[in-house]
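Not measured: the values here are computed from a predicted model.
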Amino acid sequence: GWDGEPDNRLLGHLQIFLQVCQALRFAHQHGVVHRDIKPENVLIGKFGDVYLADWGVAGLVGETQARLCGTPNYMAPEMVGGGRIDERTDVYLLGAVLHEVLTGRPRHDAQTAIAALLSARQSKPFEFDEDVPAELARLANQACHVDPDARPADVGAFRDAVKAFVRHRDAAALAAEAALRFEQASRLLETSDTLETDARREVDQHLAAAQFGLEPSLRQWPDTTLALDPLRAPDGLLHSPPPRQAPPPALVPHPPHEGAS
């Protein structure tokens, strides 16, 4: 089976994505573009083996799209306007499927095929909900860029970005928990200019737990913006010394927040 909790199969979906990327890399090395990548064409065998099916509309790398083919809800703009297709066309389709994994809806979610084709032709960036991992949201929008030159250069680059997220997810979970603790401390401080001893101790514990999560997060993923954001907060709250009467902050280990990935 594939990894993931019953209510969060993201990791399993990404593992399947990596297998699909392998199939596409093989096809691209032989000059073939699939042109109809969508969830219905990704088949999972009895033992977890992954198959990319329905190569009936496949084309050759570098040819011009002479006829409309594929599925409008996932199409790249060059497939609508009769443009040149290549490996980056399949990268777009991978991004469109990733979009559906992240949102539950097709990239070109429209009532009619004509409206879906117009959406594909324009390929505007999508604003994802806050609960969508930012790294994957950026990848989906980059892969579905209207300009093929702005997309990941090939399926290998797309695959590497997915693999990077899988490596970073634990660090992101720690950073998300740290950010939550920092927010809780900030709310407490906003309620009053002067805090009672018990309230100040609670603030210190939140801040210590935030620092406790940030440090291993930054070690695992030094360039994570999520982990760095609390450190850039106004007034440098994490680095502010506690009032003289406050006891030393207690380091309270906190488990990673599972919902962050």
Q. So does Q29 have more than 12 non-hydrogen atoms from other groups sitting under 6.0 Å from CD?
A. yes
**Q.** Q111 atom CD: more than 12 heavy-atom contacts under 6.0 Å
**A.** no
Mind checking side chain to side chain contact (heavy atoms under 4.5 Å, CB included) for [X] and listing every partner two or more places apart, or none if nothing turns up?
X    : answer
F126 : H99, T103, R107, F128, N141
V155 : C21, L24, R25, H28, V91, L94
L18  : R159, V162, K163
A134 : R138

Spatial distance of atom [atom1] ([X]) from atom [atom2] ([Y]) [nearest 0.5 Å]:
X    : Y    : atom1 : atom2 : value
R9   : Q15  : CZ    : CD    : 11.0 Å
N41  : D54  : CG    : CG    : 4.5 Å
E127 : K124 : CD    : NZ    : 13.5 Å
R151 : D86  : CZ    : CG    : 8.0 Å
L117 : N73  : CG    : CG    : 9.0 Å
L52  : I16  : CG    : CD1   : 12.5 Å

Q: Determine, using ring centers only, whether H13 and F17 are less than 6.0 Å apart.
A: no
Q) Are any side-chain N or O atoms of D154 and backbone N or O atoms of A157, one a donor and one an acceptor, separated by less than 3.5 Å? A) yes
Q. When you measure from the side chain of H30 to the backbone N and O of V32, does any donor-acceptor pair fall under 3.5 Å?
A. no
Name all residues meeting the salt bridge (Lys or Arg N to Asp or Glu O under 4.0 Å) criterion together with [X]; count only those two or more places apart in sequence or in a different chain, and write none if there are none.
X    : answer
D149 : R88
R121 : none
E100 : none
D109 : R105

Taking the side chain as every heavy atom from C-beta outward, state whether [X] and [Y] have any pair of such atoms under 4.5 Å apart.
X    : Y    : result
M79  : L93  : yes
P77  : S123 : yes
L98  : L139 : yes
P152 : Q142 : yes
L10  : P133 : yes

[X] and [Y]: which non-hydrogen atoms are nearest, and at how many Å?
X    : Y    : result
T89  : I85  : OG1-CA, 3.4 Å
A113 : P72  : O-CB, 4.2 Å
A143 : G95  : CB-CA, 3.7 Å
V146 : P148 : O-CD, 3.4 Å

**Q.** Members besides L43 in its Ile/Leu/Val/Met/Phe/Trp/Tyr cluster (side-chain heavy atoms under 4.5 Å)
**A.** Y51
**Q.** Qualifying residues under side chain to side chain donor-acceptor pair (under 3.5 Å), relative to T71, sequence neighbours excluded
**A.** D36, K38
**Q.** Pairs where residues 53-80 contributes a residue and the test ring pair (Phe, Tyr, Trp, His ring centres under 6.0 Å) is met, not counting sequence neighbours
**A.** H34-W55
Q. Under a 4.5 Å side-chain heavy-atom rule over Ile, Leu, Val, Met, Phe, Trp and Tyr, are V33 and V42 clustered together?
A. no
Q: I would like to know whether I44 and D49 meet side chain to side chain contact (heavy atoms under 4.5 Å, CB included); could you show each step before the answer?
A: CA-CA 6 Å; I44 311 299; D49 38 333; 5.9 Å; no
Distance-only donor-acceptor pairs under 3.5 Å for side chains of residues 57-69, two or more places apart:
residue, atom, partner, partner atom, Å
E63, OE2, L60, N, 3.4
Q65, OE1, R35, NH1, 3.1
Q65, NE2, R67, O, 3.0

